[in-house]
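Please read the structure below before turning to the comments.
The shown structure was predicted, so the numbers you read here are calculated from the model rather than taken from an experiment.
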Amino acid sequence: MNVARAIPLLVLLSLFASPAHAQNKPAPKDALLYFVWPQNGAVIKGGFWCRFGLRNMGVTHAGDSYPNAGHHHLFIDVNEPLNPNEPIPSDKSHMHFGAGQTEARIELPPGKHTLQLVLGDADHYPFNPPIVSEKITITIK
Ligand SMILES: [Cu+2]
């Protein structure tokens with residue numbers, strides 16, 4: 001894309017982005033998001049069940065704005081920092097579990113991969129403070 005076309009697009013995008021979300025929903029300070037499985041450093045053969053752990057908050061469906069509750073997101077091989085002012089993207093590396101799932105069957109190509117959990121609110125925004133797990137590295141054989 002050339003610069004002349006890129007600039008109006010950026011202006012347009014920022015116009016759409018600005019009125020979005022007045023404030024991220026508050027999360028309890030003691031909320032803890034973690035991997036039940038796999039553990040950091042795990043070497044796994046083939047597909048696996050990834051199990052999500054959450055303490056001191058609840059799991060609900062996307063679209064449900066109960067206080068202190070959200071739905072899980074699994075980031076696979078994501079290196080960009082989390083932007084708290086944007087909804088969590090939805091693509092192959094940002095998986096949403098909007099039906100309230102607490103586990104998922106994951107198939108990844110052989111090699112090293114990073115996994116990280118992020119809790120999102122009814123509208124897929126991170127909480128304040130963001131509730132994220134440790135970023136773990138696993139190896140698929
Ligand atoms: Cu979501």
Side-chain angles (χ1 to χ4, degrees), residues 1-3 5-141:
M1 189 185 292
N2 65 41
V3 176
R5 284 174 69 186
I7 289 171
L9 184 64
L10 284 175
V11 170
L12 205 67
L13 285 174
S14 64
L15 285 176
F16 277 106
S18 50
H21 217 64
Q23 206 177 12
N24 295 80
K25 295 218 174 64
K29 294 238 174 345
D30 58 355
L32 179 67
L33 184 56
Y34 60 99
F35 286 97
V36 176
W37 177 259
Q39 318 254 281
N40 191 26
V43 178
I44 301 165
K45 211 173 172 184
F48 63 97
W49 281 96
C50 188
R51 302 190 199 276
F52 319 143
L54 178 63
R55 267 184 230 157
N56 301 318
M57 282 187 79
V59 175
T60 188
H61 292 77
D64 287 347
S65 44
Y66 300 116
N68 297 336
H71 64 280
H72 287 294
H73 301 82
L74 178 63
F75 286 19
I76 301 172
D77 298 329
V78 170
N79 292 316
E80 306 83 60
L82 181 69
N83 182 348
N85 302 314
E86 295 284 339
I88 294 164
S90 191
D91 55 39
K92 276 200 296 190
S93 48
H94 301 82
M95 299 176 70
H96 291 243
F97 297 95
Q101 302 96 312
T102 57
E103 59 183 13
R105 184 77 185 169
I106 303 295
E107 312 269 347
L108 292 171
K112 272 191 195 298
H113 298 279
T114 64
L115 302 176
Q116 188 172 33
L117 292 168
V118 178
L119 201 70
D121 71 8
D123 301 317
H124 315 278
Y125 280 80
F127 284 85
N128 178 27
I131 305 302
V132 300
S133 75
E134 177 196 3
K135 188 192 264 193
I136 65 168
T137 302
I138 61 166
T139 303
I140 305 294
K141 285 221 271 190

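Listed by first then second residue, pairs satisfying side chain to side chain donor-acceptor pair (under 3.5 Å) with a partner in residues 104-120 read D77-H113, not counting sequence neighbours. Screening residues 47-64 for salt bridge (Lys or Arg N to Asp or Glu O under 4.0 Å), with sequence neighbours left out, gives R51-E103.
When every heavy atom of P130 is checked against every heavy atom of L82, the shortest pair comes out as CB-CD2, 4.0 Å. Summarising the geometry of N83 relative to P126, their closest heavy-atom pair is O-CG, 4.1 Å, with the distance given to 0.1 Å. What you find for A99 and H61 is that their closest heavy atoms are O-NE2, 3.3 Å.
In this structure V78 satisfies the side-chain contact (heavy atoms from CB on, under 4.5 Å) test together with F75, E80, S93, H94, sequence neighbours excluded. With sequence neighbours excluded, the residues that form a side-chain contact (heavy atoms from CB on, under 4.5 Å) with T102 are V59, H72. By the side-chain contact (heavy atoms from CB on, under 4.5 Å) test, N128 is found to be paired with N24, residues two or more places apart in sequence or in another chain being considered.
To the nearest 0.5 Å, atom CG of residue N68 and atom CZ of residue F127 are 7.5 Å apart. Remark: L115 CG to M95 CE distance equals 10.5 Å, nearest 0.5 Å. For the atom pair OG1 (T60) and CG (L119), the distance works out to 10.5 Å, reported to the nearest 0.5 Å. Considering SG of C50 and CD1 of I136, their distance stands at 6.5 Å, rounded to 0.5 Å. Atom-to-atom distance recorded for Q23:CD and Y125:OH is 13.0 Å, nearest 0.5 angstrom.
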Contacts under 3.5 angstrom, residues 29-42 side chains, donor-acceptor by atom type, not counting sequence neighbours:
residue: Q39; atom: NE2; partner: V36; partner atom: O; Å: 3.4
residue: N40; atom: OD1; partner: T137; partner atom: N; Å: 2.8

May I have the step-by-step check of side chain to side chain contact (heavy atoms under 4.5 Å, CB included) for V43 and K141, ending in yes or no? CA-CA 7 Å; V43 178; K141 285 221 271 190; 3.5 Å; yes
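Shown are H124, H96, H73; of these, the side-chain contact (heavy atoms from CB on, under 4.5 Å) with S90 is made only by H96.
Taking the six-membered ring where tryptophan is involved, the planes of F52 and F97 are tilted, since the angle between them lies from 30° to 60°.
With contacts defined as side-chain heavy-atom distances shorter than 4.5 Å, the pair L117/L74 qualifies.
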